[in-house]
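Each chain gets a letter, A, B and so on, in the order the sequences are listed, and its residues count up from 1.
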Amino acid sequence: MLDLKFIRANPELVKEGLAKRKEDINIDRLIELDEKRRSLLTEVEQLKSKQNSVSKDIPKLKKEGKDVQPIFEEMRLLSESVKLMDGQLKEIEAEIQDMLYSIPNIPHPSVPVGDTDEDNVPVRHWGEPRKFDFDFKAHWDIGTDLGILDWASAGKVTGARFTFYRGAGAALERALINFFIDVHTKEHNYEEVFPPFMVHRNSMVGTGQLPKFEEDAFKVHNTEYFLIPTAEVPVTNIYREQILEPGVLPIKHVAYSACFRAEAGSAGRDTRGLIRQHQFNKVELVKFVEPETSYDELETLVNDAERILQLLNLPYRVSMMCTADLGFTAAKKYDLEVWMPSYNRYVEISSCSNFEDFQARRAEIKYRPAIGEKARYIHTLNGSGLAVGRTVAAILENYQQADGSVVIPEALRPYINGLEKIEKK
RNA sequence: GGAGAAGUAGCGAAGUGGUCGUAACGCGCCGCACUCGAAAUGCGGUUGUCCGCAAGGGCACGUGGGUUCGAAUCCCACCUUCUCCGCCA
């Protein structure tokens with residue numbers, strides 16, 4: 001959410017930002033509503049002030065034995081017009097709030113303007129895509145052939161876009177989760193959190209999934225709860241409606257969670273394999289930082305996520321997302337994209353974003369720079385560190401052997417009982 | 001799921017229809033004094049937010065409604081926490 005005062009003071013800047021995103025939102029209408037609101041507010045507050053001062057005098061007058069009935073009559077009328085105006089005010093404020101909730105973040109000046117993912121800008125590459133001297137397979141075939149990914153059972157038990165991991169596959173998934181968390185807690189100093197996988201509506205609004213993207217989320221029947229699309233939601237909302245004390249920033253959390261996404265509008269895309277599931281595992285990094293440091297923190301966040309791919313020796317590249325791929329809440333976003341032989345391209349495995357104060361303003365997260373100073377909004381950032389299912393896919397494809405087996409990356413072996421290779425039984 | 005109790009400043013807590021919510025009192029925190037320094041003591045300060053250039057004003061006692069000239073206080077609904085019972089991994 002943008003600051004209404006900022007919009008009021010910089011309407012052209014906001015319009016430019018929206019134009020870069022091809023968003024058509026009537027900012028003039030918003031400013032007009034804001035003006036209406038403020039004049040109505042001034043008016044009703046004057047009436048309330050009168051109400052208060054008269055109310056204060058009534059006990060005195062009563063004590064003096066004066067007749068207060070005429071004053072009651074007058075005040076009743078006053079009270080009625082206050083109620084009426086409060087009602088109008090509430091309507092205007094609701095409309096303003098709706099608009100503010102639907103305005104995306106303004107892209108950072110360094111973000112390239114673009115129309116499609118083709119306009120994203122590769123920043124750096126790491127590792128070389130492997131040259132195969134045999135007919136390599138896609139991960140869904142590798143997984144099926146090794147008996148470690150069971151699509152058929154998941155289809156029967158639940159439906160499309162779900163899978164069973166079996167045997168060494170299940171162990172691999174579990175090992176990756178532990179490996180990721182260990183690297184981030186031990187090497188990068190993140191505090192581990194294990195969050196609830198369901199949250200209520202306010203939390204989803206706080207991080208920006210709602211109200212605009214309700215069709216992307218799974219809502220739990222008979223409750224007001226939503227299945228989380230990412231651990232970002234519960235973890236960021238830990239600090240909702242809070243003023244953080246001086247000295248506690250930066251706060252860094254790493255959280256494993258299952259993630260649930262309806263994938264509305266993605267029918268027919270990536271239907272095979274682990275790339276686009278309704279449920280997947282992810283280890284998420286979330287940072288709460290002072291505004292002055294947030295862009296430096298974004299760079300280290302990306303580095304923290306990259307470290308995992310380097311340890312696993314998976315070739316990847318880092319891309320800066322253009323305005324078309326930025327997402328609603330981000331001011332700037334880097335994707336880590338891992339080389340996926342079956343796609344013959346790099347595939348997103350982590351998104352790292354700086355939201356600046358966009359989420360903090362929605363979720364009311366502030367900090368006090370020093371004792372006695374005024375509270376300010378913090379900046380929030382998060383990034384995948386990494387998506388687990390996609391990592392399994394990348395390992396299966398990049399580490400496959402001519403005989404159909406898959407070598408386990410060395411760094412991972414301590415987490416999977418020293419297993420060196422997954423072979424067909 | 002059933003019964004009961006409770007939600008007021010960073011924490012504890014007073015206030016049960018008005019003239020103390022810039023919210024008693026206590027703790028904590030900040031400053032000053034005393035001290036070589038510290039402790040103790042004393043004095044002062046210490047919520048957030050909105051409108052406004054300012055002066056000033058509005059709002060907030062878990063949340064949302066209602067009653068009333070006036071609500072922390074009365075009524076209704078909901079949320080959360082605690083205790084007991086039931087059930088359960």
Side-chain angles (χ1 to χ4, degrees), chain A residues 1-9 30-101 194-206 210-211 219-226 234 237-249 251 258 357 360-378:
Chain A
M1 189 165 77
L2 300 182
D3 183 6
L4 186 52
K5 279 184 193 158
F6 176 83
I7 299 174
R8 195 194 296 155
L30 181 63
I31 287 169
E32 185 191 312
L33 281 170
D34 176 46
E35 273 164 19
K36 225 159 120 189
R37 170 182 156 266
R38 285 185 293 147
S39 69
L40 197 58
L41 189 63
T42 309
E43 215 178 321
V44 72
E45 283 185 356
Q46 278 166 5
L47 295 186
K48 283 182 180 174
S49 176
K50 178 157 191 223
Q51 231 176 0
N52 288 340
S53 67
V54 173
S55 285
K56 237 175 212 175
D57 288 337
I58 284 174
K60 289 183 204 157
L61 296 171
K62 268 187 169 171
K63 238 179 203 170
E64 291 164 15
K66 297 218 168 107
D67 180 15
V68 287
Q69 277 313 315
I71 300 177
F72 281 2
E73 275 309 303
E74 193 192 329
M75 293 303 285
R76 205 176 50 75
L77 291 175
L78 188 65
S79 168
E80 263 167 32
S81 41
V82 166
K83 264 179 201 162
L84 193 78
M85 289 168 76
D86 265 343
Q88 292 170 349
L89 205 54
K90 227 174 163 176
E91 276 175 37
I92 292 173
E93 281 172 351
E95 197 177 334
I96 290 173
Q97 193 58 256
D98 282 352
M99 286 192 80
L100 286 176
Y101 275 150
F194 190 94
F197 292 180
M198 296 187 215
V199 295
H200 58 46
R201 180 173 291 274
N202 273 353
S203 294
M204 294 284 275
V205 172
L210 294 184
K219 178 140 182 253
V220 181
H221 180 62
N222 273 348
T223 75
E224 281 302 309
Y225 297 150
F226 293 84
N237 279 283
I238 290 173
Y239 301 99
R240 187 151 47 89
E241 289 159 38
Q242 219 173 301
I243 296 172
L244 300 164
E245 291 307 312
V248 304
L249 297 181
I251 295 171
D357 61 8
R361 186 168 277 110
R362 287 178 163 239
E364 278 296 319
I365 308 174
K366 296 185 172 182
Y367 79 109
R368 206 179 295 286
I371 289 166
E373 282 186 38
K374 202 170 149 53
R376 306 165 63 196
Y377 286 111
I378 62 160

- Integer-rounded Å distance: G64(B) P and Arg201(A) CZ: 17 Å
- Name all residues meeting the ring pair (Phe, Tyr, Trp, His ring centres under 6.0 Å) criterion together with Phe197(A); count only those two or more places apart in sequence or in a different chain, and write none if there are none. Phe194(A)
- Query: Just how far, in rounded Å, is P of C69(B) from CD1 of Ile71(A)?
  - Reply: 13 Å
- Taking the side chain of Lys48(A) as its heavy atoms from C-beta onward, which of U80(B), C59(B), C69(B) lies nearest to it? C59(B)
- Query: What is the distance, rounded to the nearest whole Å, between atom CG of Leu40(A) and atom P of G57(B)?
  - Reply: 21 Å
- May I have the distance from Asp86(A) (atom CG) to A60(B) (atom P), rounded to whole angstrom? 10 Å
- Query: Atom CZ of Phe72(A) and atom C1' of U67(B): how far apart are they, to the nearest Å?
  - Reply: 15 Å
- C32(B) -> Watson-Crick or G-U wobble partner, both distances under 3.5 Å, gives G42(B)
- Hits for side chain to side chain donor-acceptor pair (under 3.5 Å) against Gln88(A), two or more places apart or cross-chain, chain-then-number order -> none
- Item | Residues that Asp86(A) engages under side chain to side chain donor-acceptor pair (under 3.5 Å), provided they are two or more places apart | Lys48(A)
- Item | Spacing between Lys83(A) atom NZ and G66(B) atom C1', to the nearest angstrom | 9 Å
- Item | U19(B): pairing nucleotide in any strand, Watson-Crick or G-U under 3.5 angstrom | none
- Whom does A24(B) pair with, Watson-Crick or G-U wobble, provided both distances fall under 3.5 Å? none
- Distance from Leu4(A) atom CG to Leu30(A) atom CG, nearest 0.5 Å? 5.5 Å
- Message: Using Watson-Crick or G-U wobble geometry with both distances under 3.5 Å, which nucleotide pairs with C53(B)?
- Response: none
- Task: Quick one: pull up NE2 in His200(A) and CD in Glu224(A) and give me the separation to the nearest 0.5 Å.
- Result: 10.5 Å
- Message: Given the structure, check if the side chain of Lys56(A) and the base of G70(B) hold any donor-acceptor pair shorter than 3.5 Å.
- Response: no
- Sugar-phosphate only, base, or nothing, as touched by Asn52(A) at under 4.0 Å among non-hydrogen atoms: sugar-phosphate
- Message: Can you work out whether Lys60(A) or Glu245(A) has the more 5'-proximal nearest nucleotide on RNA chain B?
- Response: Glu245(A)
- Heavy-atom protein contacts under 4.0 Å, nucleotides 46-52 of chain B, coded B base, S sugar-phosphate only, - none: --SSSSS
- Which base, if any, makes a Watson-Crick or G-U wobble pair with A6(B), both distances under 3.5 Å? U80(B)
- Item | Set of residues satisfying side chain to side chain donor-acceptor pair (under 3.5 Å) with respect to Lys66(A), sequence neighbours excluded | Glu64(A)
- Message: For G86(B), give the paired nucleotide (Watson-Crick: N1-N3 plus N6-O4 or O6-N4; G-U: N1-O2 and O6-N3; both under 3.5 Å), or none.
- Response: none
- Ignoring backbone atoms, establish whether Ser79(A) has a side-chain N or O less than 4.0 Å from OP1 or OP2 of G70(B). yes
- Mate of A60(B) where both pairing distances stay under 3.5 Å, Watson-Crick or G-U: U47(B)
- Message: Within the supplied structure, the quantity of interest is the number of heavy atoms (other residues, nucleotides, ligands) at a distance under 6.0 Å from Lys36(A) NZ; does it exceed 12?
- Response: no
- Message: Under the rule for side-chain contact (heavy atoms from CB on, under 4.5 Å), what residues qualify as partners of Lys374(A), not counting sequence neighbours?
- Response: none
- Task: Would you mind calling C20(B) syn or anti? Take O4'-C1'-N9-C4 for purines or O4'-C1'-N1-C2 for pyrimidines, and syn is within 90° of 0.
- Result: syn
- Message: Once side chain to side chain donor-acceptor pair (under 3.5 Å) is applied, do any residues pair with Lys50(A), and if so which ones, sequence neighbours excluded?
- Response: Glu74(A)
- Between NE2 of His200(A) and P of U63(B) the distance, given in whole Å, is 14 Å
- Message: How many whole angstroms separate atom CD of Glu241(A) from atom P of G10(B)?
- Response: 13 Å
Listing, residues 363-371 of chain A side-chain donor-acceptor contacts under 3.5 Å, not counting sequence neighbours, or none:
unit_1, atom_1, unit_2, atom_2, d
Glu364(A), OE2, Tyr377(A), OH, 2.9
Tyr367(A), OH, Arg376(A), NH1, 2.8
Arg368(A), NH1, Glu373(A), O, 2.9

- Item | Nucleic acid footprint by protein, nucleotides 71-78 of chain B - heavy-atom cut-off 4.0 Å, B for base, S for sugar-phosphate alone | --------
